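This report concerns only the one structure given below.
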Amino acid sequence: MKKFVLLTSALLSLITTRLQAQVILQDSFNYANGVTTFVSSNAFSTGLWTNYSGANDSTINNGRLEVIGSRAGDIFRPFTNTPASLLFASFIVNATNVVNGSNYFAHFSSAPTVFKGRVFAVGNAGGAPNSWRLGITAGSSSNPQTIPLDLATNVDYRVVISYDTNTFTGTLWIDPVVNTDPNKVTIDITTGAYIQYFSFRQPTSATTAPGLRVDDLYVGNSFADVAVGTAKPATIYYQPPAGPTTNFVGGNLTLSCVAGGAGAVTFQWQHAGTNLVDDANTTGSTSNVLVLVSAVATQSGNYRCIATSTTNSVLFGSVTSIVSQVVISAVPVPPTFITQPVSKTVYTNDTVVFSTSVSSPGNVSYQWKSNNVDIVGEVGPTLTINNVTAGYSGSQYRVGVTNDVVPNGILSSNAVLTVLNPAAVSIAFVRTLVDPATFQAPNGSTTPYAITGTVTTFTNITTGNTSSYYLQDATAGINIFASNAGTFRPQQGDIVTFVGVVSSFGASGLELAANTVIQPYTSYSVTGSGPLPASRTIPFTVTNTYGYAYVATNLAGSRVTLTNVFFVTPGATIAGGAVAVTNASGQAFNLSFFALDLDTTGQILPTFATSVTGVLYGNHPNYSVAVTKFSDIVAVVPQIPLDVSFSGGNLTFSWSDASWSLQSAPIVTGPYTTIPGAATGFMTNTLSDQMYFRLFHP
């Protein structure tokens with residue numbers, strides 16, 4: 001294991017000898033390129049990363065873990081040794097694109113959904129453009145304590161975190177040398193827990209793919225166990241603008257740089273070679289963002305920033321930025337557009353944001369217009385329109401910009417708004433949108449589709465403030481999944497119109513997903529009720545019989561029936577999860593049950609069922625029949641009456657259940673043979689003097 005390369009004898013004295021050191025997990029992610037493998041819920045393979053949710057959006061790319069996807073799932077790795085109550089981890093993180101929002105991407109965990117020491121990527125947290133920051137929460141909070149250091153994209157940072165299960169405390173460092181270097185500490189609002197795993201996940205919607213890449217993970221029982229690699233020298237990653245940058249007297253001007261290094265990183269701005277201090281016209285002189293406030297002419301000149309790295313107050317190195325030339329002009333300057341509003345195409349109920357940016361001295365004012373008419377109250381650089389309807393389509397939006405140093409302003413070009421209704425399609429059409437090889441939905445799909453069908457599952461099959469049911473129309477079936485939908489609980493047989501985007505998630509397979517909070521163009525509503533779609537009898541060898549492509553596009557998500565079902569564990573109590581079954585030939589299949597389903601949970605499995613009906617559940621290559629109503633397990637064959645009428649020399653046989661076959665025999669004891677093609681209403685006049693008939697259920 002590599003130690004830090006320290007440059008002074010003073011620094012050498014800061015490194016303490018390891019006491020009871022133990023590295024309990026190390027991973028360089030030197031695996032073959034490709035996605036991680038989903039096993040099953042709560043299934044972990046010792047020594048291997050496992051995609052818990054089954055989203056298959058965790059990828060190894062040239063020796064680094066890269067997690068992408070709109071509904072990313074955690075990947076877990078268990079510890080091979082028992083950890084202490086105080087646990088440390090370190091890894092490299094690199095943001096390949098600008099980070100947006102605030103989402104966690106790494107954490108300890110005591111169970112698949114119990115997180116401790118969550119590390120957040122936080123966008124737009126500092127003052128430097130295109131920078132991001134790192135923060136931590138001890139437990140489930142979404143408000144991280146953020147280290148006040150702007151970070152750059154495409155730069156490796158060594159993250160160190162700890163979690164103490166006795167004090168419920170999480171601590172975060174960035175590129176530290178010793179544990180007294182700058183850090184952020186957060187205390188859990190709940191109790192601690194025994195830590196069993198380390199996990200990564202993509203901060204959903206936080207970055208543009210490929211997003212965050214991580215590498216070189218260490219987990220140990222001390223800070224020294226995980227403080228690996230070469231200490232980073234002071235480095236400037238984003239230089240201030242070379243200029244000349246011209247601003248008008250009285251205006252504000254911002255200069256920034258982004259730098260890093262080992263331990264604590266401090267900044268000092270200079271003007272004409274002299275250290276600046278904050279005053280009435282200057283703020284941020286000792287930060288990475290310098291602001292000239294109500295600028296005066298004497299502030300013209302050359303600026304530069306010095307970044308210094310220290311650890312335990314010992315100098316580790318410093319670096320000076322390029323010179324940034326600033327001109328504070330007394331000549332009146334009108335505003336000019338840097339970016340103008342652009343035309344947008346959105347869907348009904350969506351939120352639209354038009355924006356502009358300008359370069360201008362002095363105080364700037366804005367006025368947005370719709371079809372050249374001022375919009376009252378819209379006097380900022382952005383215009384937001386919520387819940388757009390078809391009536392907005394074709395409208396033109398522009399903005400007028402003025403400042404207080406010239407009498408006339410400027411007017412932007414028009415941006416045209418187009419509003420579309422989501423296409424109403426069949427479920428079979430949605431199923432054609434999958435990848436023909438993996439049968440997964442395309443990553444990052446945002447196009448909404450509207451489908452209408454009948455709810456075929458008896459209960460909600462997901463937890464929390466979400467909703468998951470199966471919907472079937474005349475063409476196919478599919479899972480519908482709604483986030484922030486705690487009140488959406490349709491009944492089996494309800495007719496639902498659902499507007500969502502195509503997605504694939506875990507064991508449930510292909511779905512249409514809706515989230516009205518972040519995707520306001522999605523929706524769901526019950527519009528009526530009706531009979532359940534007829535189920536289709538399938539063989540236990542359904543994928544071998546029909547092929548994966550046919551099953552994925554024609555059968556998956558629809559109501560199906562297995563016949564002659566023998567339960568491998570008769571007498572067991574249903575508690576959710578998979579149940580193995582076979583047929584008389586020994587061919588195997590699985591049934592799936594859900595702990596939330598009170599109609600099946602607690603029921604006792606029979607030894608045999610003539611039929612089991614449910615939804616063909618899952619995704620390539622794993623399918624099962626999901627049963628959400630116990631009466632769909634038919635353990636006793638009902639007797640179906642056979643009606644016979646005689647007219648014109650013909651016998652006509654009628655019965656009510658098409659799954660029964662008509663058989664005949666010359667004597668009452670048989671043998672009986674099935675009459676080919678005989679269905680209810682079967683007629684015959686070719687009888688011998690004596691013939692016997694019966695109904696048979698396979």
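These numbers come from a predicted model, not from an experiment. Here, residue 1 is the first one in the sequence, and each next residue gets the next number.
- Aromatic pair Phe115/Phe108: ring centres not closer than 6.0 Å.
- Between Ser85 and Asn166, the side chains place a donor N or O and an acceptor N or O closer than 3.5 Å (distance only, hydrogens not considered).
- For the side-chain hydrogen bond (donor to acceptor under 3.5 Å, both in side chains) criterion with Arg64, the lone passing option out of Asp216, Asn30, Asp156, Thr96 is Asp156.
- Between Val185 and Thr169 there is a side-chain heavy-atom pair separated by less than 4.5 Å.
- In this structure, Val159 and Ser90 have side chains that are not in contact, with every pair of non-hydrogen atoms separated by 4.5 Å or more.
- When only modelled atom types and interatomic distance are considered, Ser592 and Ser624 share a side-chain donor-acceptor pair under 3.5 Å.
- Within the 3.5 Å criterion, the main-chain N or O of Val627 finds no donor-acceptor partner in the side chain of Tyr617.
- Residues Tyr104 and Phe120 approach most closely at N-CD2, 3.5 Å, considering heavy atoms.
- A heavy-atom distance below 4.5 Å is not found between the side chains of Ile480 and Tyr470.
- Taking all atoms of both residues into account, the shortest heavy-atom contact from Asn179 to Trp173 is O-NE1, 3.1 Å.
- Side chains of Ile478 and Val430 form a contact here, defined as non-hydrogen atoms less than 4.5 Å apart.
- Nearest heavy atoms, Ser467 versus Ala485: CB-O, 3.8 Å.
- Closest heavy-atom contact between Ala513 and Thr522: O-CG2, 4.3 Å.
- Checked against side-chain hydrogen bond (donor to acceptor under 3.5 Å, both in side chains), Arg133 has the following partners two or more places apart in sequence or in another chain: Asp150.
- For Asn479 (side chain) and Gly557 (main-chain N/O), no donor-acceptor pair under 3.5 Å exists by modelled atom type.
- Thr628 places a side-chain N or O within donor-acceptor distance of the main-chain N or O of Phe458, the cut-off being under 3.5 Å.
- The salt bridge (charged side-chain N to carboxylate O under 4.0 Å, His left out) analysis of residues 83-110, with sequence neighbours excluded, yields no pairs.
- Side-chain atoms of Pro176 and Phe223, non-hydrogen and from C-beta on, do get closer than 4.5 Å to each other.
- The minimum heavy-atom distance between Ser287 and Phe267, with the atom names listed, is O-CB, 3.4 Å.
- For the pair Arg431 (side chain) and Ala556 (backbone), a donor-acceptor distance under 3.5 Å is present.
- Looking at Ser256 and Val289, their side chains come closer than 4.5 Å, going by heavy atoms from C-beta outward.
- No donor-acceptor distance shorter than 3.5 angstrom exists from the side chain of Tyr623 to the backbone of Asn590, with no hydrogens or angles considered.
- Using modelled atom types, no side-chain atom of Asn386 and backbone atom of Thr351 make a donor-acceptor pair closer than 3.5 Å.
- Side-chain contact between Ser318 and Ser309 is absent, with no heavy atoms from C-beta onward closer than 4.5 Å.
- A donor and an acceptor atom, one from each side chain of Tyr237 and Ser131, are nowhere located under 3.5 Å apart.
- At distances below 3.5 Å, not a single donor-acceptor pair connects side-chain atoms of Ser468 with backbone N or O atoms of Ile461.
- With sequence neighbours excluded, the residues forming a side chain to side chain contact (heavy atoms under 4.5 Å, CB included) with Gln239 are Ile236, Ser321, Ile322, listed by chain and number.
- Counting heavy atoms from C-beta outward, Asn183 and Leu172 have side chains that stay 4.5 Å or more apart.
- The cationic atom of Lys116 (NZ for Lys, CZ for Arg) does not lie both less than 6.0 Å from the six-membered ring centre of Phe168 and within 45° of the ring axis.
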Please test Asp181 against Thr311 for side chain to side chain donor-acceptor pair (under 3.5 Å), starting from the C-alpha separation and ending with a verdict. CA-CA 6 Å; Asp181 282 333; Thr311 183; 2.5 Å; yes

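- The closest donor-acceptor contact from the side chain of Asp225 to the backbone of Asn221 lies under 3.5 Å.
- Aromatic rings from Phe200 and Phe91 are positioned such that their centres are separated by under 6.0 Å.
- Using a 4.0 Å cut-off between charged nitrogen and carboxylate oxygen, Arg158 and Asp175 do not count as a salt-bridge pair.
- Put simply, the side chain of Thr601 gets close to the backbone of Ala595: a donor and an acceptor are under 3.5 Å apart.
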